[in-house]
Amino acid sequence: MTDEEAIVQLYRDENKAMVNKNLNKLNEILADDMHLTHMTGYVQPKFEWIDQIQNDEMQYLSSKEDAIKAIQINGNQASLIGQNRVQAKIWGGGANTWPLQMQVFYKKQAGKWLITDQVASTY
């Protein structure tokens with residue numbers, strides 16, 4: 001698997017793990033110091049986000065990929081922009097579907113790519 005293929009696969013694995021509430025997979029593919037910047041501007045640490053998925057404060061019901069764009073690899077760092085239609089219930093709200101664009105940043109450690117940061121917006 002090329003680095004580009006591995007990066008795309010991690011993006012897809014994360015979306016699948018969110019929907020399936022696969023916390024072990026999220027822990028495996030997200031760096032311990034990963035942060036997720038929400039559309040609101042709130043910067044959430046990895047373990048808080050995973051805890052909110054576990055406790056159903058954030059329920060991801062489905063995620064359908066529309067596009068993967070702008071893959072960049074520079075040595076042991078990389079990024080991509082992915083666009084998915086995500087249906088979710090967030091912080092007690094009703095179910096909504098968002099055209100969610102994620103700018104995802106990666107680092108390669110000991111031969112393995114990890115997601116280090118994510119920035120959410122809409123498209």
Side-chain angles (χ1 to χ4, degrees):
M1 181 178 295
T2 67
D3 283 341
E4 185 171 315
E5 290 168 337
I7 288 163
V8 170
Q9 190 60 55
L10 273 178
Y11 173 76
R12 290 177 174 154
D13 287 349
E14 180 186 28
N15 280 287
K16 184 177 178 182
M18 288 169 15
V19 171
N20 293 335
K21 205 172 165 179
N22 185 341
L23 308 179
N24 289 332
K25 186 64 168 181
L26 289 173
N27 265 315
E28 175 188 322
I29 64 177
L30 302 174
D32 285 346
D33 60 351
M34 189 279 304
H35 288 89
L36 168 59
T37 304
H38 290 276
M39 291 182 287
T40 62
Y42 178 61
V43 179
Q44 188 171 42
K46 167 188 173 176
F47 293 109
E48 180 182 299
W49 183 52
I50 288 176
D51 185 59
Q52 289 186 352
I53 293 170
Q54 180 177 357
N55 295 322
D56 290 332
E57 293 175 63
M58 292 193 169
Q59 293 178 284
Y60 296 97
L61 307 173
S62 68
S63 181
K64 295 183 178 145
E65 185 177 299
D66 279 345
I68 291 183
K69 304 176 163 193
I71 298 171
Q72 296 182 337
I73 301 170
N74 186 4
N76 289 332
Q77 296 187 349
S79 66
L80 75 67
I81 294 175
Q83 297 177 332
N84 283 43
R85 297 205 174 267
V86 177
Q87 184 182 33
K89 293 180 182 179
I90 302 297
W91 297 319
N96 284 307
T97 301
W98 287 274
L100 195 62
Q101 178 168 290
M102 296 297 292
Q103 185 173 18
V104 184
F105 298 91
Y106 304 83
K107 69 179 172 185
K108 194 174 195 179
Q109 287 183 298
K112 181 181 172 186
W113 288 101
L114 294 172
I115 296 171
T116 59
D117 282 291
Q118 302 180 80
V119 179
S121 59
T122 57
Y123 63 97

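Note: hydrogens, waters and symmetry copies are ignored here, and every other heavy atom, side chains too, is used. Note that the structure is a prediction, hence the values are computed from the model and not measured.
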Derivation of the side chain to side chain donor-acceptor pair (under 3.5 Å) call for Gln72 and Gln77: CA-CA 8 Å; Gln72 296 182 337; Gln77 296 187 349; over 6 Å; no

Glu65 vs Arg12, side-chain contact (heavy atoms from CB on, under 4.5 Å): CA-CA, chis, key distance, verdict: CA-CA 8 Å; Glu65 185 177 299; Arg12 290 177 174 154; 2.9 Å; yes

Full working for side chain to side chain donor-acceptor pair (under 3.5 Å) between Tyr11 and Asn84: CA-CA 11 Å; Tyr11 173 76; Asn84 283 43; 2.6 Å; yes

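Counting heavy atoms from C-beta outward, Ile90 and Gln59 have side chains that stay 4.5 Å or more apart. A heavy-atom distance below 4.5 Å is found between the side chains of Ile81 and Gln101. Within the 4.5 Å cutoff, the side chain of Gln52 has heavy atoms near those of the Trp91 side chain. Taking 4.5 Å as the limit, every side-chain heavy atom of His35 sits out of range of all side-chain heavy atoms of Gln118. With a 4.5 Å cut-off on side-chain heavy atoms, Glu28 and Lys112 count as touching. Side-chain atoms of Glu14 and Ile29, non-hydrogen and from C-beta on, do get closer than 4.5 Å to each other. By the 4.5 Å heavy-atom criterion applied to side chains, Tyr123 and Asp66 are counted as neighbours. Residues Arg85 and Leu100 are not in side-chain contact: their nearest non-hydrogen atoms beyond the backbone lie 4.5 Å or more apart.
By the 6.0 Å contact criterion, CD on Glu48 is enclosed, its count of non-hydrogen atoms from other residues, nucleotides or ligands being greater than 12. Atom CG of Asn74 is surrounded by 12 or fewer heavy atoms from other residues, nucleotides or ligands within 6.0 Å. Atom CD of Glu4 has 12 or fewer neighbouring heavy atoms from other residues, nucleotides or ligands inside a 6.0 Å radius.
The two atoms that bring Lys107 and Ala31 nearest to each other are CE-CB, 4.2 Å, heavy atoms only. Heavy-atom minimum distance, Phe105 versus Ser79: CD2-CB, 3.8 Å. Minimum interatomic distance between Met1 and Ala6 (heavy atoms only, all atoms of both residues): SD-CA, 3.4 Å. The two atoms that bring Met39 and Ser121 nearest to each other are CG-CA, 3.9 Å, heavy atoms only.
Under the 4.5 Å side-chain heavy-atom criterion for Ile, Leu, Val, Met, Phe, Trp and Tyr, Val8 and Leu114 are members of distinct hydrophobic clusters. Both Met58 and Val19 sit in one connected hydrophobic cluster of ILVMFWY residues. Membership requires side-chain heavy atoms under 4.5 Å apart, directly or through other members. Both Tyr60 and Trp98 belong to a common hydrophobic cluster when Ile, Leu, Val, Met, Phe, Trp and Tyr are linked at side-chain heavy-atom distances under 4.5 angstrom. Taken together through direct or relayed side-chain contacts under 4.5 Å among Ile, Leu, Val, Met, Phe, Trp and Tyr, Leu10 and Leu23 form part of one hydrophobic cluster.
Side chain of Asn22 to backbone of Met18: no donor-acceptor contact under 3.5 angstrom is found. A donor-acceptor contact shorter than 3.5 Å links the side chain of Lys21 to the backbone of Gln54. In terms of modelled atom types and a separation under 3.5 Å, the side chain of Asp51 and the main chain of Phe47 share no donor-acceptor contact. Thr97 places no side-chain N or O within 3.5 Å of a backbone atom of Val86 that could act as its donor or acceptor partner. Without hydrogens or angle criteria, Lys46 side chain to Leu30 main chain gives a donor-acceptor distance under 3.5 Å.
Here Lys108 pairs with Asp3 under the side chain to side chain donor-acceptor pair (under 3.5 Å) rule; sequence neighbours left out. Checked against side chain to side chain donor-acceptor pair (under 3.5 Å), Gln9 has the following partners two or more places apart in sequence or in another chain: Asp13. With sequence neighbours excluded, the residues satisfying side-chain contact (heavy atoms from CB on, under 4.5 Å) with Thr37 are Val43, Val119.
Looking only at atom types and distance, the side chain of Tyr106 has no donor-acceptor partner in the side chain of Asn76 under 3.5 Å away.
Separation of atoms CG (Leu36) and CG (Asp117) is listed at 9.5 Å; rounding is to 0.5 Å. In this structure, Ile7 CD1 and Ile68 CD1 are separated by 10.5 Å, a value rounded to the nearest 0.5 Å. Interatomic distance, CD1 of Ile115 versus CG of Leu26, reported as 8.5 Å (0.5 Å rounding).
Aromatic pair Trp49/His38: centroids not less than 6.0 angstrom apart.
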